[in-house]
Number of protein chains: 2
Amino acid sequence: MFRINKLTDYAVVLLVDMARSDRVRAAHQIAADTGVPVPTVAKVMKALVRSGLVRSTRGAAGGYLLARPAERIAVADMIQALEGPIALTACVEDADETCDRETFCPMAGHWNRVNAAVRRALEGITLADMAAEPASPHWSTTAPASRAAGGGEAGERRVSMASS
Amino acid sequence: MFRINKLTDYAVVLLVDMARSDRVRAAHQIAADTGVPVPTVAKVMKALVRSGLVRSTRGAAGGYLLARPAERIAVADMIQALEGPIALTACVEDADETCDRETFCPMAGHWNRVNAAVRRALEGITLADMAAEPASPHWSTTAPASRAAGGGEAGERRVSMASS
DNA sequence: TCCAATCGGGACTGAATTGGTCCCCTATCG
DNA sequence: CGATAGGGGACCAATTCAGTCCCGATTGGA
């Protein structure tokens, strides 16, 4: 289903929460605010700190804070923080080892174009956008309406694989 | 790492191969041409047929053929054929049940914007683009050897992703 | 000077998903 | 009527993911 990890999902939730209240808060506080289990918050925060999106203060009265204003944190940054470089396939440019089967890459660098397109799309949306209070209580905006609209378009929550 | 399934990767390989030689070919022939194991080709093809990207002919002398010209098959179509609707999170529009924890969706429909952006990016690239002979790939175009027999296999196209 | 509060880095385990194979049925051609 | 080819799952092994926990390092305050 082409989805991000649940941990990444958590990361976004946490970041949104941090963007809304920019105070230094400890992991357990953020956990209490968001409903995400404390150990999970800690785990996600480690990744966010490592990737430079969040600043941490250690010791008593320590906690976490956004490293940059929310406008300068893109969705791409969040995903990359948790899942590494954005690449739909393992076949990316810096693959020093050629694919084991030559016949596999007759499309060679074509995936890179796809990766770039996706990355660009994800760089165009920021944490500030995600943290913005939704205009309507429920979702009503966004009418994608490009293609696929006819009937499909809908995954159930917890959508599983196509077949089952 | 935000990647597609391996089966989807195979699907693209298979489709590219079909786009380049538009003859009706049996699964085992396509398998021989691409190096993908026969049962896997069969499995992928089933999904492609079900989603309407590929036409199949049964019976003796049967086989597969693209249902549309490659220019009208988008990368988004291929991904959706194998993985269902494109949505980065399970939290999509038609989720009739609110997320189990209210605090989880303070961003409400913001993910939809992201999903739409990604989908649009993937709709902008077609199978024809992927099938185009690469101008300057990294790996000098290797001759289409029919399956590296050796049995080595060891499928290690894995590249980054180990970072986290 | 200690102690308590917090973060940092992994290790570890159970569960879920994926990948790949196989079996049997149906359809078509010669 | 037999051989060839796809259709639809069922099935198991392997990989990956999610979540928890432990211990060391750091800091502020009593």
Side-chain angles (χ1 to χ4, degrees), chain A residues 1-11 13-14 18 24-32 35-52 54-65 67 82-84 89-90 158-164, chain B residues 1-11 13-14 18 23-32 34-52 54-65 67 79 82-84 89-90 151 153-158 160-164:
Chain A
M1 208 255 288
F2 186 59
R3 72 185 183 288
I4 58 178
N5 288 342
K6 205 180 276 190
L7 278 236
T8 307
D9 196 354
Y10 287 151
V13 172
L14 266 35
M18 294 177 72
V24 174
R25 282 181 303 165
H28 70 87
Q29 289 177 303
I30 297 176
V36 179
V38 174
T40 301
V41 171
K43 186 174 194 171
V44 170
M45 282 304 181
K46 289 169 193 172
L48 292 177
V49 168
R50 251 191 302 237
S51 61
V54 165
R55 292 285 293 167
S56 68
T57 318
R58 301 176 70 161
Y64 296 100
L65 199 61
L82 274 287
E83 318 202 12
T89 63
R158 247 2 90 132
V159 204
S160 43
M161 285 310 312
S163 53
S164 1
Chain B
M1 207 255 289
F2 186 58
R3 72 184 183 289
I4 58 178
N5 289 340
K6 204 179 278 190
L7 277 240
T8 307
D9 195 355
Y10 287 152
V13 172
L14 267 34
M18 295 176 70
R23 299 192 310 275
V24 175
R25 281 182 304 164
H28 69 86
Q29 287 177 305
I30 298 176
T34 57
V36 178
V38 174
T40 301
V41 170
K43 185 173 194 172
V44 170
M45 281 305 180
K46 288 170 193 173
L48 292 177
V49 168
R50 250 190 304 239
S51 62
V54 165
R55 292 284 292 166
S56 68
T57 316
R58 300 176 71 162
Y64 297 99
L65 198 62
I79 293 178
L82 273 288
E83 317 202 12
T89 64
E153 186 60 23
E156 285 299 328
R157 302 204 285 149
R158 197 130 316 205
S160 19
M161 125 171 250
S163 56
S164 63

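A note on names: the letters A, B, ... follow the listed sequences, proteins ahead of strands, and every chain is numbered from 1.
Taking CG of A:Leu82 as the start and NZ of A:Lys46 as the end, the distance is 13.0 Å to the nearest 0.5 Å. Here the OH-OG1 distance, from B:Tyr64 to B:Thr57, works out to 9.5 Å after rounding to the nearest 0.5 Å.
As rounded to whole Å, 6 Å separates atom P of C:dG8 from atom CZ of A:Arg58. At whole-Å resolution of the value, CD1 in A:Ile30 and P in C:dC7 are 8 Å apart. Summarising the geometry, the separation between NE2 on B:His28 and C1' on C:dT21 is reported as 18 Å, rounded to the nearest angstrom. Atom OH of B:Tyr10 is separated from atom P of C:dG19 by 8 Å (rounded to the nearest Å). For the pair B:Asp9 CG and C:dG20 C1', the interatomic distance rounds to 15 Å; values are reported in whole Å. Spacing between atom CG of A:Leu14 and atom P of D:dG19 amounts to 12 Å, rounded to whole angstrom units. The interatomic distance linking B:Arg50 (CZ) with D:dG8 (C1') rounds to 7 Å, in whole Å. When rounded to the nearest whole Å, the span between NZ of A:Lys6 and P of D:dT20 equals 11 Å.
Residue B:Val49 is the one, among B:Val49 and A:Pro39, whose nearest nucleotide of DNA chain D lies closer to the 5' end (criterion: closest heavy atom). Both B:Thr57 and A:Ala26 sit near DNA chain C, but only A:Ala26 has its closest nucleotide nearer the 5' end.
When each of D:dA18, C:dA5, D:dT16 is scored by its nearest atom to the side-chain atoms of A:Leu7, the top-ranked nucleotide is D:dA18. You'll find that the side chain of A:Pro37 is closest to D:dT20, out of D:dT16, C:dG8, D:dT20. Closest to the B:Ser56 side chain, of the nucleotides D:dG6, C:dC29, C:dC7, is D:dG6.
Here the closest heavy-atom approach between residue B:Ile30 and residue B:Met18 is recorded as CD1-CG, 4.2 Å. Of all non-hydrogen atoms in B:Gly52 and B:Ala67, the two that sit nearest each other are O-CB, 3.4 Å. Minimum interatomic distance between B:Val41 and B:Ala27 (heavy atoms only, all atoms of both residues): CG1-O, 3.8 Å. Shortest non-hydrogen contact noted between A:Val24 and A:Ala61 is CG1-O, 4.4 Å.
No donor-acceptor pair under 3.5 Å is formed between the side chain of B:Thr40 and the backbone N or O of B:Val36.
Residues of residues 40-47 of chain A having a heavy atom closer than 4.0 Å to DNA chain D, listed by number: A:Thr40, A:Lys43.
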